[in-house]
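Letters A, B, ... are given to chains in the order of the sequence lines, protein chains preceding strands, and every chain is numbered from 1. Everything numeric in this text was worked out from a predicted model, so none of it was measured.
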Amino acid sequence: MVISKHLKFPKTLVSGLHHFQTKWKTTSTDSTLNRLFLQEPNIAEATKTLELTSNIEVSTYNRLLDTCIRSKSLKEGKKIHHHILKNKPNIKNTSLLEKIACLYVACGEIELARLVFNEIKKPGIFLWNSMIRGYAWSGPFDRAIDLYYQMLDSGLKPNKFTFPFVLKACSTLMALEDGKEIHEDAKRVGLESDVFISTALVDFYAKCGCLRGAYQVFEKMPERDIVAWNAMIAGLALHGLFEDAMGLVSDMQKGGKSPNSSTAVAVLPVLGQAKALHHGKGLHGYCIRRFFYNDLLVGTALLDMYAKCECLSYSRRIFDIMSVRNEVTWSAIIGGYVLCDQTIEALEIFDQMVLDEALKPTSVALGTVLRACSKLNDLARGKKIHGYSTKNGLILDIKVGNSLLSMYSKGGITEDAIRLFDEMKSKDVVSYSAIISGFVQNGNAEEALIIFRKMQQLCIEPDLATLLGVLPACAHLSALQHGQCNHGYVTVCGYASDIAICNALIDMYSKCGRISIAKEIFDRMPRRDIISWNAIIAGYGIHGLGTEALSLFHDLLSTDLKPDDISFISLLSACSHSGLVTEGKHWFYKMSEHFKIMPRMEHYICMVDLLGRGGLLDEAYDFIRRMPLEPDVRVWGALLGACRIHENIELGEAVSKTIQKLGPEGTGNFVLLSNMYSAVGRWDDAANVRIIQRDQGFKKSPGCSWIEIGGILHAFIGGDQSHPQSALIYDKLKELLVDMKKLGYQADTRFVLQDVEEEEKERILLYHSEKLAIAFGILNLRSDKPIFVTKNLRICGDCHTAIKFITVIIKRVITVRDVNRFHHFKDGTCNCTDFW
DNA sequence: ATAGGGTTAG
């Protein structure tokens, strides 16, 4: 056969072919192919030649297949396979079949390889190893382990290639027990101290969370190459042990081994995590000396480390000079900008990546950008990304889904959050935590607890972050029993020593009325951060224990911690609740003078409240006028509240005009103004305010009070008759009213804003939500138990008076937590000294 | 090498 007739090589594609054609013109097909296939670019054409003949020798097939394996030519390999099946259907040549299987593994077609593998009676060790490696690389990973055991069953002894492959599968699956058994096998066949196998074992133990195991293997190694050192260092880094990792790096250098770029890449993330900027800079210098800085991975890891240390300008400089960047580099720099609160810039860089560089956003980049949208509350942009993710199938990535979930729920679009949550195919702890925290942050703590329960029913174990969402929900609802239950869970899980958890517990107990337990937790903390102090100071504040709050603040000053802006909000509001005007003024002054903290609007609100409650109305007014910030409606609201307490109509009217101009927020200001007019008997004016309120479309958000009994929250709104015990509750209140009147109680009908008869007003007052909840508590709690009610708004003035009488009648302590603070009623008095 | 959920005030 004359080959030149059939082989038409396009000259442009294969260089030097002319020479080839002339030289081998007259040879047989077999030898032609043999020669031809030694040159990899010719494979495609060569397989065409193959189709023209049926009689090919096994040795030729072998050579063809070797070439295909080297060049990972799947298409051509398949043709050769078909050729063999067609022309030599009964071939029993194992080596040929093994080669085909190896070819498929090399091309990542593990299932095809498996089909061939299954046809081979006694596969050799090389093929077993190839198959195990194939599964260990691309999964299903458990098949790698299965094959390993099958191989042992077939009587073969694993060799030094087998162990690293199967151990890789074990570490991916976190299959600690299987790996340990395989470790024993390695010892039995005397291969434990092989460098490759030991290194694989170190890597396996570290990735499975068993650092001790990793170190034991590492220590026993008779010789360690740089890969072995890197495996151990990476293991320590993986566990966040940056000091140990750095220690090992210097041990390695003492042993005469120089860290390479992989060492740097392993260590840099943990340096960033620990914000160990100093070490990071040192390593950066080393990388420059060793010329690693041109390495893509090193560059990316360096810029990420600097970003984590909040040294964004360094990150940027590295990013700018990197000659090669990939999508990971871009994600890292975008993430750095988001972390450092340069959110707009982060989005600009993302646009640059997509538009200028035409890089396809990965799910990691999208997750990061969604966090940026969430921080900016740019939900429109977030929704666009949602659309893009859906179109490109990235929505199936759970991290993208969770980022979206978090954005929607933090952004307050609960419906979108819930819809997405229901649509998500796979949900994990993070999904649940995201939606729970979202609900809590948007004031829907009840829904948060409902989802929390659902999650537990589905046996999804809450983790630390979940509890950090749930505990504030309990705090918000004053759900002490739920909170205690979660405290128990925290302890069982071993989170009880976590600072953030303790902070959340302090807040929960103090909002649930158990300030002494809050203090106990605070006292027992081995280490505290500024949040711990803020939480306990605020706790004392809302309980009306201003002196204690001040004394804790003094304690704080003797620590290494510095009070922050929130410490002062907590302290000033504590002073305000306890009428500590002098102290409050002192610390407000010190705050900027000594601590160099610029007062924010919130601080001014606290000060106006403090001065106003203290009766210094003119000073408060003056204070507002001298504010460097434009006072907002909340500042004026605080002054109006003070005008009502001290019945200063003249100032109150002026203030309310200002509030009208600014646009009143909610209804609190209308209620205050109306109450103020009623208080001095200007009924027409009071009525007028209510008409304006109605005309402007402000509806009073309903007052709601609740009480937790037996772990169940019983909620009431005014005049509510929906509770099963309604009749009993109403009877109880009527009975109490009779006794209260005997003691001199008179319904304070000024607090009824509806325009109705006096008698009706009394009736309305009697069935206010806080009174209903208290009556329910009296009926359902043992007489030695304190009654604790929570209200979503400020407590009503008449209720405040009535509850004092009730404590005399029933001889029990009653606590009401309203939106501002605690009211501890006992023996006819309230600890707020009526300055609520 | 990048990567989702998190505690304090008002």
Using modelled atom types only, decide if a donor and an acceptor are shared between the side chain of A:D818 and the backbone of A:I795 within a distance under 3.5 Å.
yes
Using a 3.5 Å distance criterion without hydrogens, assess whether the side chain of A:S478 forms a donor-acceptor pair with backbone atoms of A:T790.
no
Across the strands shown, which category fits [X] at heavy-atom distances under 4.0 angstrom: base, sugar-phosphate, nothing?
X: A:S363; value: nothing
X: A:L303; value: nothing
X: A:I566; value: base
X: A:R325; value: nothing
X: A:D428; value: base
X: A:A434; value: sugar-phosphate
X: A:K427; value: nothing

Check every nucleotide of DNA chain B for an atom under 4.0 Å from a heavy-atom of chain A, then give the first and the last such nucleotide from 5' to 3'.
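Endpoints of the contacted stretch of DNA chain B: B:dA1 to B:dG10.
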With the threshold set at under 4.0 Å for non-hydrogen atoms, list the residues of residues 263-277 of chain A touching DNA chain B in residue-number order.
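Contacting residues: A:V265, A:P269.
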Could you check whether A:R600 pairs with A:D632 (Lys NZ or Arg NE/NH1/NH2 to Asp/Glu carboxylate O, under 4.0 Å)?
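Result for this pair is no, no salt bridge flagged.
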Going by salt bridge (Lys or Arg N to Asp or Glu O under 4.0 Å), name the residues that satisfy it together with A:E520, two or more places apart in sequence or in a different chain.
A:R524
